[in-house]
S.K.: 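Here's a structure for you.
Below, chain A is the first sequence line, B the second, and so on; all start at residue 1.
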Amino acid sequence: MTEKQSEITEELASKLEAGTLTVDELHRGIDALLPQAGEKRQDILYLQCNNTSLQGEVIGMTMIEDGQLSEGPPDPKDWPYKTVLEAVDDGWRIISFPNMALLAVSESDPHGLGFEFILERFKDR
Amino acid sequence: MTEKKEKCADCAPTLTDSQVLEFCKQGYLLFKGVVPDEINRMTTKYCDQDDNSEPTGLLEKDWFIDNVILNREVAGAVRSLLGRDFHLPILISNHRMMAPYSQQNWHVDGNFDFGHELNYLQVFYYPQDTPLEMGPTQILPGSHLVRNKARFMAHLGGIAGTVSATAPAGSIFITAYQIWHRRGPATSEGRRNMLKYFYWRTTPPLRDWFVEEDFDFATVDYTSPIEPLVEQFHSDIKVAKMFLWLCGEYDKFQNLGGQSWPLPANRNDIPYGFPERLPRPASD
């Protein structure tokens with residue numbers, strides 16, 4: 001729940017306890033609590049790892065947050081997440097797992113940059 | 001020092017076995033500040049007058065040919081990697097930018113080949129100081145061993161192991177063409193010229209650079225810095241193939257699997273599977 005949603009909920013609860021909540025106020029409060037189209041913004045996080053595990057080491061990253069592209073600090077030691085699991089713990093949702101079709105690539109040919117997870121997070125505008 | 005023959009040239013090779021192997025591992029060699037300041041100034045002045053993306057007229061200037069294209073250290077390295085009578089550049093590109101600017105997408109340049117052969121080299125020349133603030137070229141060492149395509153790389157951002165080729169004026173770096181690279185972001189202000197050109201092999205590969213007496217094909221480490229990013233030992237095998245090809249010994253390459261040569265290890269004998277016909281240092 002966002003800070004704004006908490007405020008609305010508290011206000012409704014207070015008025016209900018005080019016996020002053022009207023039907024109109026209840027309807028408006030519920031409308032305000034429901035997500036409205038266009039009110040959320042999607043952030044995207046690409047994490048390339050050295051294996052398919054959620055605990056694999058992150059070897060590449062790109063983040064699109066608030067519509068801004070970021071590659072993280074130059075030194076990988078300073079990147080926000082060392083594993084995909086850390087990003088999940090921080091509220092990111094995985095929307096794409098590494099493509100197992102990579103197994104079909106030639107046995108002797110390393111290909112591409114690791115195993116790519118794509119994650120999303122929604123924030124209020 | 002150097003004999004020009006039509007569009008080809010020859011000179012003394014300058015790299016050692018270890019340096020050639022290092023090129024196979026890294027995919028590039030950087031020569032810092034090897035071009036005299038006066039030539040850097042003349043090049044910059046020329047590029048100010050011919051500011052299009054292909055100032056190929058530079059190749060008509062003797063001072064540019066002698067000090068840049070046939071620069072002793074660089075030409076010696078090119079000679080080591082491409083053999084005698086290597087073909088000289090026929091085109092100069094200038095990635096001329098006015099800072100500040102953002103980084104490019106990661107890419108490999110078009111018309112690449114990810115095999116073990118090294119038949120051409122792409123070379124970059126900075127005529128001005130190019131510190132981090134001036135957006136030097138970024139390279140991923142060892143990535144010449146990892147197949148990719150530019151259009152599949154556009155979403156990549158920070159990559160562990162990336163090197164920014166910061167260097168003083170007059171620096172030249174030579175690369176395996178298919179290495180992953182991009183222009184880095186520039187936060188400073190000013191003009192950056194970055195000239196790119198190409199050399200080709202015209203003769204079969206041969207180990208005719210500086211041979212080290214104690215260089216041992218059996219025990220040298222073939223590990224590339226790209227190793228953490230790919231399947232275990234695959235880069236060692238790629239490096240060994242590339243090095244043997246450069247030595248003219250590729251037909252002797254074999255990989256018998258598991259712990260055999262050319263994997264790195266603390267063994268109690270010559271590595272199993274080491275090709276018998278490869279040279280070994282003379283025993284004491």
Side-chain angles (χ1 to χ4, degrees), chain A residues 42-53 55-84 86-87 92 95-96 98-120, chain B residues 27 102-108 113-116 132-133 135-136 138 140 142-164 166 178 180 182 184-185 187 224-242 253 255 257:
Chain A
Q42 184 189 31
D43 293 339
I44 292 285
L45 177 61
Y46 292 94
L47 294 178
Q48 291 90 26
C49 299
N50 65 350
N51 62 41
T52 57
S53 167
Q55 292 173 291
E57 182 188 355
V58 171
I59 57 176
M61 68 156 285
T62 304
M63 185 187 291
I64 298 134
E65 192 172 30
D66 298 331
Q68 300 295 312
L69 198 71
S70 164
E71 301 188 351
D75 189 339
K77 289 201 294 286
D78 300 326
W79 287 351
Y81 308 113
K82 306 294 184 293
T83 66
V84 173
E86 286 184 8
W92 291 90
I95 57 174
S96 176
N99 189 343
M100 291 299 129
L102 290 171
L103 282 170
V105 174
S106 163
E107 181 68 26
S108 61
D109 250 343
H111 196 288
L113 181 64
F115 299 86
E116 185 168 271
F117 294 81
I118 306 174
L119 303 94
E120 69 174 3
Chain B
S102 60
Q103 70 273 19
Q104 244 181 338
N105 288 337
W106 282 101
H107 61 279
V108 289
D113 182 356
F114 274 95
H116 53 264
L132 205 56
E133 296 76 17
Q138 294 182 343
L140 185 62
S143 59
H144 61 301
L145 307 168
V146 184
R147 188 176 296 275
N148 216 332
K149 293 181 176 178
R151 290 181 297 169
F152 285 81
M153 302 168 73
H155 68 294
L156 299 179
I159 303 179
T162 295
V163 167
S164 289
T166 56
Q178 69 273 24
W180 302 12
R182 67 175 178 176
T187 55
S224 163
I226 206 70
E227 165 75 12
L229 276 62
V230 297
E231 195 71 11
Q232 189 180 30
F233 302 135
H234 274 200
S235 65
D236 302 68
I237 295 161
K238 294 263 178 197
V239 169
K241 282 184 175 180
M242 187 176 178
F253 180 85
N255 174 11

S.K.: Can you establish whether the number of heavy atoms outside A:Gln42 located under 6.0 Å from its atom CD is more than 12?
M.R.: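 Buried by this count: over 12 neighbours within 6.0 Å.
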S.K.: Check for a donor-acceptor pair, side chain of B:Asn148 on one end and backbone N or O of B:Val108 on the other, with a separation under 3.5 Å.
M.R.: no
S.K.: Out of A:Ile64, A:Asp75, A:Val58, A:Ile59, return the one with the most heavy atom pairs under 4.5 angstrom to chain B.
M.R.: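 Ranked by heavy-atom pairs under 4.5 Å with chain B, first place is A:Ile59.
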S.K.: Applying side chain to side chain contact (heavy atoms under 4.5 Å, CB included) to A:Trp92 and A:Glu86, what does each step give before you reach the verdict?
M.R.: CA-CA 9 Å; A:Trp92 291 90; A:Glu86 286 184 8; over 6 Å; no
S.K.: Got B:Met153 and B:Asn105 here, is their nearest side-chain heavy-atom distance under 4.5 Å?
M.R.: no
S.K.: Heavy-atom distances under 4.5 Å only: say whether A:Glu57 touches chain B with side chain, backbone, both or neither.
M.R.: neither
S.K.: Against chain A, label B:Trp180 side chain, backbone, both or neither, depending on which of its atoms sit under 4.5 Å from a heavy atom there.
M.R.: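 Just its side chain gets close to chain A.
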